[in-house]
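Small disclaimer: the values here were computed from a predicted structure and weren't measured.
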Amino acid sequence: MFTTALAALFLAAPPLSASEAEQDASASKNGPETIANQFVFGSGEECPHEPYCLPALEEEYGLHFADFVVTDPGGPRTREALLNGDIQIGVLFTTNGYLATDRFVLLEDDLDAQPAENVIPVAHQSIGDAYPELGKVLNPLSAALTTPELTEMNRRFALDGVEAETIAREWLQEHGASAPSESAPKEGPTIVVGSGNFAESIILAEMYQQALDQAGYPTRHRQEIGNRATYLPLLESGEIDLFPEYTGSLGGWLNTLADTTGQPLSTLLPDRGLVGFEPAPAEDKNGFVVTAETAQRYNLEKISDLAKPAP
């Protein structure tokens, strides 16, 4: 039974406000209040299910956010949402041209949650069978493509307003791709080159298409198809023939779908009727980004800083 003094103490305590009650519920669910608990996270609609997007932060870093909102995969909606304060953390890919400005801070992946993400051309097996020499065009492109070059191409697109077609053509010219007149037209099906819904994918697809055109292959570019959940079934069905992909995230996606965790990409692709060509040295990973103002306010340099107690 309560003493009179204790009863008076409890009766005198003010009720929790709605916001305090929400914070208390969040703390009981996710542990002590952290910086991450106060942040709204934004990215493409696939992020909560992509192994190396939101799940990587939850599983590898133990982070839980106040909310997740759909913006886009590393694109202008995410960037604007960060700058407007609609979200406090979002995904911008590590070769994003805007990371060269002083407005954003790329948080260090200090637990190495992100895998190697080398750019790799992936094709439907039928187009590889139709054109057995396709690797002679695509593999040299991969060998020449570096991360700094990919970043500069993205910067030119985002900040200088240069068209993806022009960026790809100038890169091919710089790296000695053959002129169209040097190659006889190939007999066979049209190669449908696809690209995702972000600038880098469009630029890479333009590179593949133009190089194949110059080598005499009949091609067509189908642009901005969507995210991996949308375009991968089209690639697997042969509706799209060739697509720029990324080794780590594609492997994680296929492993998850097939429930065969740990199998390498070289094993997973043939099981789905796909073939991978040589990967490039160039990498582009998920980058977890805050504004410079947010980084300064919360003293953020690396992802694990988000687990610190909230100020």
Side-chain angles (χ1 to χ4, degrees), residues 44 46-47 49-53 55-56 73 93 95 113-145 147 150 188-198 200-209 211-212 215 217 219-223 225-286:
E46 71 281 2
C47 182
H49 314 291
E50 284 269 12
Y52 301 116
C53 199
F93 302 129
T95 58
Q114 297 299 305
E117 289 284 16
N118 302 87
V119 174
I120 181 171
V122 176
H124 190 267
Q125 184 64 58
S126 63
I127 212 70
D129 293 340
Y131 298 115
E133 305 298 310
L134 212 58
K136 291 186 177 180
V137 178
L138 296 174
N139 291 340
L141 298 184
S142 290
L145 183 63
T147 301
L150 192 56
T190 296
I191 301 172
V192 180
V193 183
S195 57
N197 55 351
F198 59 101
E200 180 175 289
S201 184
I202 299 170
I203 294 169
L204 291 168
E206 278 288 339
M207 289 168 52
Y208 298 161
Q209 183 198 14
L212 291 169
Y217 293 90
T219 68
R220 178 168 64 88
H221 185 182
R222 183 172 168 182
Q223 293 191 20
I225 296 168
N227 58 31
R228 187 173 284 116
T230 301
Y231 68 68
L232 191 58
L234 300 178
L235 184 60
E236 291 178 329
S237 70
E239 188 172 334
I240 299 168
D241 298 308
L242 179 66
F243 214 95
E245 261 290 2
Y246 302 88
T247 54
S249 54
L250 178 59
W253 180 274
L254 294 176
N255 269 311
T256 301
L257 292 179
D259 194 26
T260 53
T261 304
Q263 286 194 18
L265 194 58
S266 59
T267 301
L268 292 165
L269 289 176
D271 289 343
R272 294 184 171 271
L274 303 176
V275 58
F277 295 91
E278 291 297 319
E283 284 192 82
D284 186 8
K285 303 183 180 185
N286 286 333

Checklist outcome for this item: Heavy atoms of Pro51 and Trp253 approach each other most closely as CG-N, 4.4 Å
Next on the checklist: Val192 vs Arg220, test: side chain to side chain contact (heavy atoms under 4.5 Å, CB included). Steps then yes/no.
Outcome noted: CA-CA 5 Å; Val192 180; Arg220 178 168 64 88; 3.6 Å; yes
Checklist entry - Is there side-chain contact between Glu46 and Cys53, with at least one heavy-atom pair below 4.5 Å? => result no
Checklist entry - Quick one: are Asp129 and Val275 in side-chain contact, heavy atoms under 4.5 Å? => result no
Checklist entry - Hey, what do you get for CG (Asn227) to SG (Cys47), rounding to the nearest 0.5 Å? => result 11.0 Å
Next on the checklist: Taking the side chain as everything from C-beta on, heavy atoms only, tell me whether Ile191 gets closer than 4.5 Å to Leu134.
Outcome noted: yes
Next on the checklist: I need the Leu265 CG to Leu274 CG distance, nearest 0.5 Å.
Outcome noted: 9.0 Å
Next on the checklist: Once salt bridge (charged side-chain N to carboxylate O under 4.0 Å, His left out) is applied, do any residues pair with Glu206, and if so which ones, sequence neighbours excluded?
Outcome noted: none
Checklist entry - Counting distance only, does the side-chain N/O of Thr247 pair as donor-acceptor with the main-chain N or O of Ala116 below 3.5 Å? => result yes
Item to check | Rounded distance (nearest 0.5 Å) linking atom NE2 of His124 with atom CD1 of Ile240 | outcome: 11.0 Å
Item to check | Backbone N/O of Tyr52 and side chain of Gln114: donor-acceptor pair under 3.5 Å | outcome: yes
Next on the checklist: I want to check something: taking the side chain as every heavy atom from C-beta on, are Ile127 and Pro189 in contact at a cut-off of under 4.5 Å?
Outcome noted: yes
Checklist entry - Any donor and acceptor pair, going by atom type alone, linking the side chain of Asn118 with main-chain N or O of Ala280 inside 3.5 Å? => result yes
Checklist outcome for this item: Between Ser142 and Pro281 the two heavy atoms that sit nearest each other are O-CD, 3.1 Å
Checklist entry - With side chains defined as the heavy atoms from C-beta onward, is the minimum distance between Leu138 and Leu242 less than 4.5 Å? => result yes
Next on the checklist: Less than 4.5 Å apart, side chain to side chain, heavy atoms only: is that true for Phe243 and Val193?
Outcome noted: no
Item to check | Nearest heavy atoms of Leu254 and Glu236, plus distance in Å | outcome: CD2-OE2, 4.3 Å
Item to check | Any donor-acceptor N or O pair under 3.5 Å, side chains Glu133, Tyr217 | outcome: no
Item to check | N/O donor-acceptor pair under 3.5 Å between Gln125 side chain and Pro270 backbone | outcome: no
Checklist entry - What are the two closest heavy atoms between Met207 and Leu145, and how far apart are they? => result CE-CD1, 4.4 Å
Checklist entry - Among Arg222, His221, Gln223, which one satisfies side-chain hydrogen bond (donor to acceptor under 3.5 Å, both in side chains) with Ser195? => result His221
Checklist entry - CG/Leu212 to OG1/Thr219 distance, rounded to the nearest 0.5 angstrom? => result 6.5 Å
Next on the checklist: So Thr230 and Asn197, do their side chains get closer than 4.5 Å, heavy atoms only?
Outcome noted: no
Checklist entry - Where do Asn286 and Phe93 come nearest, in terms of heavy atoms and distance? => result OD1-CE2, 3.4 Å
Checklist entry - Roughly how far, to the nearest 0.5 Å, is CG of Leu232 from CD of Glu245? => result 6.5 Å
Checklist entry - Atom CD of Glu278 and atom CG of Leu141: how far apart are they, to the nearest 0.5 Å? => result 12.5 Å
Checklist outcome for this item: Looking only at heavy atoms, the pair that brings Pro244 and Ala205 closest together is CG-N, 4.1 Å
Next on the checklist: I want to check something: taking the side chain as every heavy atom from C-beta on, are Leu250 and Arg228 in contact at a cut-off of under 4.5 Å?
Outcome noted: yes
